[in-house]
There are 2 protein chains.
Amino acid sequence: MSRWQPNARERLAEAALELYGERGFEQTTVAGIAGRAGLTERTFFRHYTDKREVLFAGARDLEELFVRAVAGAPASAAPIDALAAGLEAVAEAFAGRRAFARRRQAVIAANAELQERELVKLASLAAALAGALRGRGVGEPAASLTAEAGVAVFKIGFERWIGADEERDMAPLLRESLAELRAVAAGG
Amino acid sequence: MSRWQPNARERLAEAALELYGERGFEQTTVAGIAGRAGLTERTFFRHYTDKREVLFAGARDLEELFVRAVAGAPASAAPIDALAAGLEAVAEAFAGRRAFARRRQAVIAANAELQERELVKLASLAAALAGALRGRGVGEPAASLTAEAGVAVFKIGFERWIGADEERDMAPLLRESLAELRAVAAGG
DNA sequence: GTGTCGATGTCAGTCACTGACATCGACAGT
DNA sequence: ACTGTCGATGTCAGTGACTGACATCGACAC
């Protein structure tokens, strides 16, 4: 039998989300998070580089998934269609996680430092998408513009999904947002 | 005669820029900045909310200037032309400050935390510009898209200005960047 | 001459984050 | 079974960003 309870990392993330939600981000101490997870403060910092990052660990997975789907789209697909493929993959990954996403987004919305970190993650996502598009042979500035647009579509679709009825899936919301972008770009 | 030397705020900003440049942002302590300015750490935090903000105090002025110029453009001007008026005002405000801007940008480029803060300031600028455009009667999402585009143009033009010969003025560089954006948007 | 005010100083405290070193089950090799 | 390594965690002692409470003392108004 193991010396430690398993899933320390996940326990820390859950404890952090709970406490940030109950008391707010600033009123929560890292020692408090670690305590609730049955660990010490030092161990928290072995799993997460700082107090904010515990909410953004999933961003790396999302980025990889999104990028892989864009890169793996048929070679014949136009940039915007490769982007659409990425958005489909993202929607799939969020299936069944709306309650969690809502809790997390409410916490972020309540604190400026967390919003700051979210901007960084979105910028990182845009850069990664632009790289994937360039890897498909898309030139600049089209790659970067498409990537930025993709992030914008994701943001808007995500917000709508968070606010939607329990029944709405994310995929159609992302498709609608992408369609709106196309309309605007076409001079709507 | 006054009890204190004047311009405490400016002395702190200059001392911070010097030290961030000499030793790097992380290797610099707030006590060190305050000491070089002939003040105490506590006084630093009365003038700037945190160690990063001392480099971004000018961002508020820039935002106000930009917004005022956009809002004050002729009512007949199209959104993109109001934006162009704002860019002209910005270029004027930077005249003669390239050496300072270079020093500052080099410091920011060397540290991730400072880049994070810069993203926040640019997001704030975009939001303010979108508000100014809506005040001109521009609807959504055109206002937000125009504002985001304006920030992008500013960023690119600013980078080119930083890297340009001493003789290049900022205004023509911003005009060129805006022209490129128009070309891309037109389907170039 | 007196009183208020504002910018600064002083001091004590909290907490995010780090480095160095100790602990002890798991597991591999023998 | 015996032993040595390893990896996740704990322990402890810092450093430094940031805050609250209170003191100081020129300037300025009355």
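Naming convention: chains lettered A, B, ... in sequence-line order (proteins, then strands); numbering from 1 in each chain. Any value given below was found using the heavy atoms of this structure, including those in side chains, with hydrogens, waters and symmetry copies removed.
Here the P atom of nucleotide D:dA17 and the CD atom of A:Glu113 are 15 Å apart, to the nearest Å. Atoms CD (A:Glu26) and P (D:dA17) sit 18 Å apart, rounded to a whole Å. Rounding to whole angstrom units, CZ of residue B:Arg23 and C1' of D:dG16 are separated by 14 Å. To the nearest angstrom, P of C:dG13 lies 16 Å from CD of B:Glu41. Residue A:Phe45 contributes atom CZ, which lies 16 Å from atom C1' of D:dT9 at whole-angstrom precision. Going from atom CG of A:Asn7 over to atom C1' of D:dG7 covers 16 Å, rounded to whole Å. A:Lys51 has its NZ atom 14 Å from the P atom of C:dT18, to the nearest Å. In this structure, B:Gln27 atom CD and D:dT15 atom C1' are separated by 13 Å, rounded to whole Å.
Taking 4.0 Å as the cut-off between side-chain N and carboxylate O, A:Arg68 and A:Asp61 do not count as a salt-bridged pair. For B:Arg103 and B:Glu14, the salt-bridge test passes: some basic side-chain N is under 4.0 Å from an acidic carboxylate O. Between A:Lys155 and A:Glu118 there is no salt bridge, since no side-chain nitrogen of the basic residue lies less than 4.0 Å from a carboxylate oxygen of the acidic one. Here B:Glu113 does not pair with B:Arg117 in a salt bridge; the nearest charged N to carboxylate O distance is not below 4.0 Å.
Distance from the side chain of A:Ala8 is smallest for D:dT9 among the nucleotides D:dT9, C:dC15, C:dG9. Nearest to the side-chain atoms of B:Thr43 among the listed nucleotides D:dG26, C:dG9, D:dT11 stands C:dG9. Checked against D:dA21, C:dC17, C:dA20, the side chain of B:Arg42 finds its nearest nucleotide in D:dA21. The side chain of B:Arg3 has C:dG6 as its nearest neighbour among C:dG6, D:dA17, C:dC17.
Distances shown here put every side-chain N or O of B:His47 at or beyond 4.0 Å from the OP1 or OP2 atom of C:dA7. At D:dG10, one or more side-chain N or O atoms of A:Thr40 fall inside 4.0 Å of OP1 or OP2 (strictly under the cut-off).
Pairing for C:dC11 is with D:dG20, a Watson-Crick or G-U wobble pair whose two hydrogen-bonding atom distances lie under 3.5 Å.
Looking at B:Arg46, its side chain comes within 3.5 Å of the base of C:dG9 through a donor and an acceptor atom.
Two residues, A:Arg52 and A:Trp4, neighbour DNA chain C, and the one matched to the more 5' nucleotide by heavy-atom proximity is A:Arg52. Along DNA chain D, the nucleotide closest to A:Leu39 and the one closest to B:Phe25 are compared, and the more 5′ of them pairs with A:Leu39.
Partner of B:Glu18 under the salt bridge (Lys or Arg N to Asp or Glu O under 4.0 Å) criterion, chosen from B:Arg11, B:Arg23, B:Arg36: B:Arg36.
Contact annotation for A:Gly38: backbone-only contact, meaning every heavy-atom pair under 4.0 Å involves sugar-phosphate atoms and none involves a base.
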